[in-house]
Amino acid sequence: MNAMKVCRFFAGDSIVRVGVLTDDVHIVDVTAAGIATLSQVLESADPVGLLNGLDRKGLPAHRISDVVLRPPIERQEVWAAGVTYLRSKTARMEESDFSATAYDRVYDADRPEIFFKALAEKVVATGEGVGIRRDAKWSVPEPELALVINSRGRIVGCTIGNDMSSRDIEGENLLYLPQAKVYDRSCALGPWIRLGMSEADAREWTVRSTIARGGTSVFAGETRLGNIKRSFDELAGYLCRSQSFPHGAVLLTGTGIVPPDDFTLHEHDVVEIEIAPIGVLRNSVVIV
Ligand code: DO4
Ligand code: MG
């Protein structure tokens with residue numbers, strides 16, 4: 001198998017286990033085969049080969065519906081690229097007269113916008129609540145492909161990310177970006193990491209997002225990852241310039257799905273982000 005999905009999960013006790021998905025229904029627990037952390041896999045010279053080489057007979061298997069998935073991240077810092085899609089640039093130019101030229105310029109500049117998003121321990125998993133700030137009036141999800149980068153700066157896999165954002169705070173003044181982007185439960189990742197993807201393959205993939213309120217759909221949007229203006233290597237290369245990540249990093253690649261300007265998230269809304277070759281990241285909204 002060239003592509004493989006790996007996750008972290010609880011199976012009835014407090015031990016975080018590492019699992020390999022064998023199909024859409026089952027997870028094999030590879031902790032018992034000596035793979036106690038995802039980092040062991042991500043740091044290996046050949047992550048897919050390492051997992052393919054395990055003798056899985058005799059290892060515990062679980063139905064995905066019987067386990068509790070944890071975020072597929074351990075000690076990595078989470079960073080995010082911005083204004084990588086034309087759609088993101090135009091949305092942000094409309095949101096703020098004050099900062100419009102900054103978005104316009106960064107879209108065309110050699111150097112991308114890259115900002116710090118979250119520490120690993122602050123990331124939420126699929127099934128957990130994502131946050132909207134109680135002092136924000138205009139909150140949206142940002143559905144994004146997330147690149148998983150090891151300590152050598154190599155992109156070894158990808159997952160789905162939600163870069164939750166307070167658009168009124170960001171739009172008021174660019175210097176408020178960290179407050180618009182970084183707060184409790186502002187980043188969701190998961191449900192698992194897909195190893196062994198190529199950028200050429202991923203650029204053919206579609207990101208789909210829906211938001212449901214009281215069981216009714218209130219927003220649906222989609223974009224192709226091929227619409228990202230910059231290459232994945234370019235984004236990862238800028239992140240790793242003059243900066244080392246001893247535990248690796250996760251880099252969100254920007255959003256190309258923007259709900260209409262009169263839309264804001266409410267408490268209890270359910271946000272789903274699907275990238276079919278990876279999976280579905282699903283979170284309900286809580287006020288923080
Ligand atoms: O500059 C604002 C943030 C942009 C962003 O997060 C995105 O385009 O996804
Ligand atoms: Mg974003």
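Atoms within a ligand are numbered from 1 in the order they appear, just like the ligands themselves. Everything numeric in this text was worked out from a predicted model, so none of it was measured.
Nearest to atom 8 (O) of ligand 1 by heavy atom, out of Ala102, Ala81, Ser88, is Ser88. Considering only non-hydrogen atoms, atom 5 (C) of ligand 1 lies nearest to Arg92 out of Glu113, Arg167, Arg92.
No salt bridge links Arg230 with Glu113; every basic N to acidic carboxylate O contact stays at or beyond 4.0 Å. For Arg185 and Glu128, the salt-bridge test fails: no basic side-chain N is under 4.0 Å from an acidic carboxylate O.
With a heavy-atom cut-off of 4.0 Å, Asp163 touches ligand 1 through its side chain alone. With a 4.0 Å heavy-atom cut-off, ligand 1 is reached by the side chain of Leu177 but not by its N, CA, C or O.
Between the Ser209 side chain and the Glu272 main chain, a donor and an acceptor come within less than 3.5 Å of each other. A donor-acceptor contact shorter than 3.5 Å links the side chain of Glu43 to the backbone of Ser151. Counting only distance, with no hydrogens or angles, the side chain of Glu199 and the backbone of Phe232 share a donor-acceptor pair below 3.5 Å. When atom types are taken as modelled, the side chain of Ser165 and the backbone of Arg167 share no donor-acceptor pair closer than 3.5 angstrom.
Closest to atom 3 (C) of ligand 1, if we only count protein heavy atoms, is Lys181 CE, 3.5 Å.
The closest side-chain donor-acceptor pair between His266 and Asp269, if any, does not fall under 3.5 angstrom. Judged by distance alone, the side chains of Thr31 and Asp29 do bring a donor and an acceptor atom under 3.5 Å apart.
For ligand 1, the atoms closer than 4.0 angstrom to any heavy atom of Tyr103 are 1 (O), 2 (C). Less than 4.0 angstrom separates some heavy atom of Thr255 from each of these atoms of ligand 1: 7 (C), 8 (O), 9 (O). Atoms of ligand 1 lying under 4.0 Å from at least one heavy atom of Phe115, given by number and element, are 3 (C), 6 (O). Within ligand 1, counting atoms from 1 as listed, the ones closer than 4.0 Å to a heavy atom of Gly82 are 4 (C), 5 (C), 7 (C), 8 (O). Per-residue contacts place Glu144 under 4.0 angstrom from the following atoms of ligand 1 (heavy atoms of the residue considered): 9 (O). Using a 4.0 Å cut-off to heavy atoms of Gly254, the atoms of ligand 1 that qualify are 9 (O). Residue Val83 approaches ligand 1 through these ligand atoms, each under 4.0 Å from one of its heavy atoms: 4 (C), 7 (C), 8 (O).
Polar contact check, Thr84 against ligand 1: no nitrogen or oxygen pair lies under 3.5 Å apart.
Taking the Mg ion (ligand 2) as the corner point, the angle from Glu142 atom OE1 to Asp163 atom OD2 is about 90° (rounded to 10 degrees).
Summary: OE2 is the N/O/S atom of Glu144 found nearest to the Mg ion (ligand 2).
Between Trp79 and Phe116, the ring planes lie perpendicular to each other; the angle is over 60°, past the 30° to 60° tilted range.
The side chain to side chain contact (heavy atoms under 4.5 Å, CB included) test with Leu38 singles out one residue from Ile73, Val18, Val16, and that residue is Val18.
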